[in-house]
Amino acid sequence: EAGVAQSPRYKIIEKRQSVAFWCNPISGHATLYWYQQILGQGPKLLIQFQNNGVVDDSQLPKDRFSAERLKGVDSTLKIQPAKLEDSAVYLCASSPTFLPLQGEQFFGPGTRLTVL
Amino acid sequence: TQLLEQSPQFLSIQEGENLTVYCNSSSVFSSLQWYRQEPGEGPVLLVTVVTGGEVKKLKRLTFQFGDARKDSSLHITAAQPGDTGLYLCAGLNAGNNRKLIWGLGTSLAVNP
């Protein structure tokens, strides 16, 4: 079974530029998550989708971050414009059900963003 | 606000030593997971503990969930360089508003 796919793996941009990340979850997984992970820290949830609907985006900086999952499968996360503090790894994860019984999530390899 | 505190934050040991990582909270969790994350990769689930007092073993790794389901520990016996990585605990909060609460992680380096 293929895992969660993310692209690109690395991205370097200058501040005030825009950037987009793509995620394809495990086939059949209804729930998709985007996390921001600062180096050496735990992941911080940005947004959670159930199929193509948003379940939780309480920690998403909506003035600059946006995400969509139009067909309930793959998803894109966009930052516009980027700030220096957005430098982090952006992780995508998926789980097979909404409110999975034991919370298990399957992660992609992440996209490392550097904002100069 | 629910918090999961992990300790120690950093740990550097020699191959063959034993170690314990702790994950503590004042909140009750319906389940708790441990993940390991290697550089350049996403976290990978190691184990999920569900029942208070539960102990699970995965080769040289022993996981324990506290009786009150507020804390957990991970013990590694005879650590090897391949154990190097960031260990993260994540608790699924009890109740209707089910969210996964993440600890900040323990960065482990096992030196040959």
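Throughout, a chain's letter reflects where its sequence line sits, starting with A, and its residues are numbered from 1.
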Worksheet item: Rounded to the nearest 0.5 Å, what separation is found between the CD atom of B:Gln6 and the CD atom of A:Gln41?
Response: 11.5 Å
Discussion item. Counting neighbours of CG on A:Leu39 that are heavy atoms of other residues, nucleotides or ligands and sit closer than 6.0 Å, is the number greater than 12?
Written reply: no
Discussion item. With a 6.0 Å cut-off (strictly less than), is the heavy-atom count around CD of A:Glu68, excluding the residue itself, greater than 12?
Written reply: yes
Discussion item. As an exercise, state the distance from CG of B:Leu100 to OH of A:Tyr35, rounded to the nearest 0.5 Å.
Written reply: 5.0 Å
Fill in: Residue B:Lys59 excluded, over 12 heavy atoms near NZ under 6.0 Å
no
Practice prompt. Decide ring pair (Phe, Tyr, Trp, His ring centres under 6.0 Å) for A:Phe107 and B:Trp102; before the verdict, give the C-alpha distance in whole Å, the side-chain angles of both, and the deciding distance to 0.1 Å.
Written response: CA-CA 14 Å; A:Phe107 284 84; B:Trp102 289 85; 5.7 Å; yes
Item to complete: Can you tell which part of A:Thr111 gets under 4.5 Å to a heavy atom of chain B, answering side chain, backbone, both or neither?
Response: neither
Worksheet entry | B:Gln9, CD: over 12 other non-hydrogen atoms inside 6.0 angstrom | no
Discussion item. If hydrophobic clusters are built from ILVMFWY residues whose side chains come within less than 4.5 Å, do B:Leu11 and B:Leu61 share one?
Written reply: yes
Worksheet item: Based on non-hydrogen pairs under 4.5 Å, which of B:Gly91, B:Pro43, B:Cys89 is most in contact with chain A?
Response: B:Pro43
Worksheet entry | Neighbour count >12 (heavy atoms, 6.0 Å) for atom CD, B:Glu15 | yes
Discussion item. Distance alone, cut at 3.5 Å: any donor-acceptor contact between the side chains of A:Gln105 and B:Gln33?
Written reply: no
Fill in: Side-chain heavy-atom pair A:Leu91, B:Gln37 within 4.5 angstrom cut-off
yes
Discussion item. Is there a side-chain contact between B:Leu86 and A:Gln37 in this structure, where contact means two heavy atoms from C-beta onward sitting under 4.5 Å apart?
Written reply: yes
Worksheet, complete the sentence: Comparing B:Ala90, B:Gly105, B:Gly40, B:Ser107 against chain A, the one with the most heavy-atom pairs below 4.5 Å turns out to be B:Gly40
Discussion item. Measuring from atom CD1 of B:Ile101 to atom CG of A:Leu45, what distance do you get when rounded to the nearest 0.5 angstrom?
Written reply: 9.5 Å
Discussion item. Please determine whether the number of non-hydrogen atoms from other residues, nucleotides or ligands lying under 6.0 Å from atom CD of B:Gln80 exceeds 12.
Written reply: yes
